[in-house]
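For reference, the structure discussed in these notes is given below.
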Amino acid sequence: MKISNALATEPMRTLKEIPRLAMGFYPTPIEELPRLREALGKNAPRLFIKRDDYTGPGFGGNKVRKLEYVLAQALADEVEVVITIGGIKSNHCRATAAFCARLGLRCILVLNSPAAPSYKPANLFLDELYGAEVHLVTSREERKATMARLAQELRESGVRVAAIPLGASTPLGALGFVSAMQELAQQLSSFADKPNYIFHASSSCGTQAGIVAGAQLAGLSDIKIAGVSPDEAASTIAPEVAEIIRGIGRILKTEIPHEPILVLDDYIGEGYGISTPESSAALRLVAKTEGVVLDPTYTAKAMAGLLDWIRTGKLTRDDTVLFWHTGGQLALFAAH
Ligand SMILES: Cc1ncc(COP(=O)(O)O)c(C=O)c1O
């Protein structure tokens with residue numbers, strides 16, 4: 001596969017001018033997974049993993065890349081309070097709380113959980129450790145309304161507030177993955193066997209939007225990108241990804257063409273945060289063969305999708321796949 005010289009294109013120059021915090025450790029490593037491949041049989045594709053679980057502060061993960069852009073803008077706007085939302089084990093909220101602590105910003109988190117948890121999830125423990133103020137609500141609808149109300153009350157009292165949507169999945173946040181694709185293009189320039197597929201978990205859509213847009217802008221448009229959903233239907237996620245890509249185009253002042261957005265929604269099982277037998281088996285297999293730990297909510301389901309594509313022959317030894325590890329392993333743990 002050719003990697004064009006698009007790294008120096010006009011949109012990528014525009015990207016460089018957009019304020020970004022230097023928080024993460026880049027480039028995140030790319031590792032090969034030979035023992036996992038061997039366990040999958042002779043026809044398995046060559047497998048690589050991009051370790052965005054190692055992005056750095058606040059226990060890493062994909063949110064670091066997005067928050068570098070979103071919080072740089074908040075600082076430019078002289079914001080005093082950051083409010084955001086998520087589930088009670090939210091990785092995004094934990095990373096936001098960590099960044100806010102580091103930047104000296106007050107952080108308010110509105111977290112939903114249908115019932116009070118019988119144990120303290122590690123992410124919730126860290127939210128509080130990082131000094132965030134936590135509001136617990138019972139539904140997704142309520143958390144959005146609560147964020148809007150809290151933001152309005154603060155604004156009315158003269159406080160400058162940034163209300164960050166779910167997963168920081170705005171076009172600005174998704175720029176983190178446009179630059180990640182630029183980083184990937186540089187890493188792949190020394191690869192003899194370049195991936196023709198990327199598999200990753202896709203939920204609030206910013207990661208996939210940034211990867212798809214970044215592939216176009218960084219000369220990696222030959223790579224097919226499969227976002228595996230841990231919760232929503234493909235018919236919900238794909239249009240949202242496309243909408244964020246249009247927003248990225250507006251920021252970078254360019255039209256971003258793309259293939260139909262590929263979202264796999266066959267691996268959700270009973271729903272968000274509920275492991276399936278296949279995702280649990282995938283988590284165990286990758287840990288046992290490669291010493292790489294996935295998370296139960298997102299990456300294990302994405303890996304279950306990849307393993308299914310291999311076992312059913314949709315991917316073969318003629319393919320090379322890059323699995324993007326987006327972090328989140330703290331969901332495996334509770335605090336004491
Ligand atoms: C560990 C992990 N992986 C993947 C995702 C999905 O990323 P996105 O919300 O940008 O689609 C998330 C967050 O939702 C996450 O926390």
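FYI, side chains are in, hydrogens and waters are out, and symmetry mates aren't considered; it's all heavy atoms of this structure. Indexing begins at 1, ligand by ligand and atom by atom, following the structure's order.
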Note every protein N or O atom lying under 3.5 Å from an N or O atom of ligand 1, pairing the names and giving the distance.
residue, atom, partner, partner atom, Å
ligand 1, 3 (N), T326, OG1, 2.6
ligand 1, 7 (O), N62, ND2, 3.1
ligand 1, 7 (O), T207, OG1, 3.3
ligand 1, 9 (O), S204, N, 2.9
ligand 1, 9 (O), S204, OG, 2.5
ligand 1, 10 (O), K66, NZ, 2.5
ligand 1, 10 (O), T207, N, 3.0
ligand 1, 10 (O), T207, OG1, 2.6
ligand 1, 11 (O), S203, N, 2.7
ligand 1, 11 (O), S204, N, 3.0
ligand 1, 11 (O), C205, N, 3.0
ligand 1, 14 (O), K63, NZ, 3.3
ligand 1, 14 (O), Y298, OH, 3.4
ligand 1, 16 (O), K63, NZ, 3.4
ligand 1, 16 (O), N91, ND2, 2.8

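In this structure, S202 and G227 approach most closely via the heavy-atom pair CB-CA, 3.9 Å.
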Could you walk me through whether F177 and W324 pass ring pair (Phe, Tyr, Trp, His ring centres under 6.0 Å), step by step? CA-CA 11 Å; F177 275 88; W324 206 302; 5.7 Å; yes
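Geometrically, K224 engages Y197 in a cation-pi contact defined by less than 6.0 Å to the ring centre and at most 45° from the axis. Under the 6.0 Å distance and 45° angle rule, R94 does not count as a cation-pi partner of F125.
Outside the 6.0 Å centre-distance limit, the rings of Y130 and F99 are not counted as a close aromatic pair.
Residues in residues 43-60 take part in these salt bridge (Lys or Arg N to Asp or Glu O under 4.0 Å) pairs, two or more places apart or across chains: E31-R51, E32-R46, R46-D193, K50-E183, R51-D53, D52-R65.
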